[in-house]
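One structure is given below, encoded as structure tokens.
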Amino acid sequence: MTTYHFIGIKGTGMSALAQILYDSGENVQGSDVEKRFFTQEALESKGIPILPFSESNIKEDYTVIAGNAFPDDHLEIKEAKKQGVTFYRYHEFLGEWLKQYTSIAVTGAHGKTSTTGLLAHVLNSSFPISYLIGDGTGKGHVDSKYFVFEACEYRRHFLRYEPDYAIMTNIDFDHPDYFTSIDDVFAAFQSMADQVKKGIIACGDDEQLQQIQAKVPVVYYGFADTNDFQAQNIVETDHGTEFDVFVRNTYYDTFSIPMYGDHNILNALAVTAICHYEGIDAESIKQLATFGGVKRRFTEKKIGNQVLIDDYAHHPKEITATIESARKKYPNKSVVAIFQPHTFTRTKTFLQEFADSLSQADRVYLCDIFGSAREETGQLTIEDLQKLIDHSAILELSHTEALKKYEDSVLIFMGAGDIQKFQQAYEETLTIK
């Protein structure tokens, strides 16, 4: 029996995949940098070994899976290729593994993780399933009926997958270090659509998705009455949002979700549509109401009269959606955005859009740009963004106490880098007497 060795096991997708293999009865271990990541708690709870990087980690009978963030000249990858062990990149292995199941890929520029989590939650209440969520959560089951997984469009990695179904939440221009234009992004999604075997569930309110051509049925969901699945009669309550679902203009049922904002309704509609398509009854779909959320997506903590929210939002449209959710849930509180841009290329490409979306908050604090492994530095600075936002300031990690004055407010810490360290530093100032 082989041992699966994960190079970069603390990555969100890698961590989830390692858990799936472990749950399926496989021998699993991995290696990574020493820095602590929020993903490793689940690995540690299952007793999955996490080793420092070393050539000695690679043994001849191992199957090696490498995270996509690591170049071919990484010491463990070089050693794996030198020994000639079975070697996969993350997306290559996942493409092979999912062939055992009825697979449902969840893809889109925004909303992938939340929709994957929501779908996994609903299906898991009725069937043995496996799922891979982009927040580092993974679960395997040897008798899985479904395999629900997040499929990322970056570098066209999702073209390694040939899923039975695909949920497509939206098409938008992002990852400007790879994609050249919205047309380039659309072409990638069109290629993905060509590989789906049974059906596509797509947001019909998205102009780009309306243009997708497919050899399989395409079921559309959204707010417009042209959609196959439509949300109507939306009511915001103290506990979330209620709405009626109409299937091809005929009332189907009323559903509730413990979240706020149009984007969350759309995610729930996508889940409702795929479940309905697979013959799952409405009562089972109503498990939507008990969804606990996914990591780093509107994750709340109340301290005194302040509400601290940790969110992965790193694109202007995601920032707008997150601020909208906060305003709907806490209409009587002011909203303070604390934002750390992720990558210089994205910041440069969307500089004005970032300014416009952040300006919807009552006050804005900006943290230094978080460079990716692919681009450590750039000529752009955080001051370039600050100049475009009237009510903004730079937040230093050593002076987060500046946030204390917003007593009856919602503080949203947003970003895909290490924005959590700013929230952690701020929380520490609150405990110091």
Side-chain angles (χ1 to χ4, degrees), residues 108-112 114 169-186 203 205-209 222-223 259-267 296-298 307 309-331 333-372 378-395 402-403 406 409-417 419 422:
H110 321 295
K112 288 187 291 288
S114 297
T169 59
N170 41 59
I171 294 177
D172 200 358
F173 184 44
D174 195 11
H175 304 294
D177 62 318
Y178 172 73
F179 289 112
T180 57
S181 64
I182 185 68
D183 292 336
D184 190 22
V185 179
F186 177 85
C203 180
D205 296 349
D206 185 282
E207 290 181 15
Q208 296 287 333
L209 282 173
F223 295 109
M259 295 91 78
Y260 298 84
D262 288 351
H263 59 298
N264 284 314
I265 298 171
L266 289 172
N267 295 346
R296 301 223 54 232
R297 304 304 189 278
F298 213 82
V307 180
I309 294 172
D310 173 33
D311 198 275
Y312 189 68
H314 58 286
H315 183 280
K317 286 189 180 171
E318 295 166 356
I319 291 168
T320 296
T322 302
I323 292 173
E324 179 206 4
S325 293
R327 291 221 183 273
K328 285 187 171 179
K329 186 163 188 180
Y330 299 102
K333 289 182 181 287
S334 62
V335 174
V336 181
I338 302 101
F339 176 61
Q340 179 194 53
H342 185 253
T343 77
F344 293 97
T345 47
R346 185 184 281 116
T347 310
K348 182 179 179 182
T349 303
F350 300 118
L351 197 66
Q352 186 59 55
E353 289 92 335
F354 276 126
D356 294 343
S357 60
L358 288 164
S359 294
Q360 295 169 43
D362 299 302
R363 191 80 169 85
V364 178
Y365 285 88
L366 300 169
C367 312
D368 275 335
I369 299 168
F370 184 92
S372 74
Q379 294 182 329
L380 196 77
T381 69
I382 195 64
E383 283 78 11
D384 292 304
L385 179 55
Q386 191 206 355
K387 288 173 194 165
L388 300 177
I389 306 171
D390 290 339
H391 48 288
S392 66
I394 307 294
L395 185 66
L403 301 173
Y406 303 103
S409 302
V410 180
L411 276 55
I412 313 176
F413 294 83
M414 290 182 282
I419 184 67
F422 286 88

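As the structure is a prediction and not an experimental result, all values here were calculated from the model. One is the number of the first residue; the rest follow in order along the sequence.
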Which word best sums up how the rings of His342 and His314 line up, parallel for under 30°, tilted for 30 to 60°, or perpendicular for over 60°? perpendicular
Run the ring-centre check on Phe298 versus Tyr260 and record whether the distance is less than 6.0 Å. no
Stepwise side chain to side chain contact (heavy atoms under 4.5 Å, CB included) check, Ser325 with Asn264: CA-CA 9 Å; Ser325 293; Asn264 284 314; 4.0 Å; yes
Can you tell me how the ring of Phe179 sits relative to the ring of His175, calling it parallel under 30°, perpendicular over 60° and tilted otherwise? tilted
Looking at Lys328 and Glu324, is there a salt bridge between them, counting it only when a charged N and a carboxylate O are closer than 4.0 Å? yes
For Thr320 and Ser357, does a side-chain donor sit closer than 3.5 Å to a side-chain acceptor? no
Under 3.5 Å, side chain of Asp184 to main-chain N/O of Ser181, donor-acceptor pair present? no
Yes or no on side chain to side chain contact (heavy atoms under 4.5 Å, CB included) for Thr169 and Cys203, after CA distance, side-chain angles and deciding distance? CA-CA 5 Å; Thr169 59; Cys203 180; 5.7 Å; no
Below 4.5 Å, heavy atoms only, C-beta onward: do Phe223 and Leu266 meet side chain to side chain? yes
Just how far is it from atom CD1 of Ile323 to atom CG of Leu358, taken to the nearest 0.5 Å? 6.0 Å
Which residue is it: Leu380, Asp384, Leu385? I am looking for the one with a side chain to side chain contact (heavy atoms under 4.5 Å, CB included) to Ile369. Leu380
Using a 4.5 Å cut-off on heavy atoms from C-beta on, say whether the side chain of Asn170 contacts that of Gln208. no
Can you tell me how far the CG atom of Leu395 sits from the CD1 atom of Ile382, to the nearest 0.5 Å? 10.5 Å
Measure from the ring center of Phe422 to the ring center of Tyr365 and say whether it is less than 6.0 Å. no
List in chain and number order the residues that pass side-chain hydrogen bond (donor to acceptor under 3.5 Å, both in side chains) with His110, two or more places apart in sequence or in another chain; answer none if no residue qualifies. Asp172, Glu318
Lys/Arg-Asp/Glu bridge criterion (N-O < 4.0 Å) met for Lys348, Asp177: no
More than 12 non-hydrogen atoms from neighbouring residues, nucleotides or ligands closer than 6.0 Å to CD on Glu383, yes or no? yes
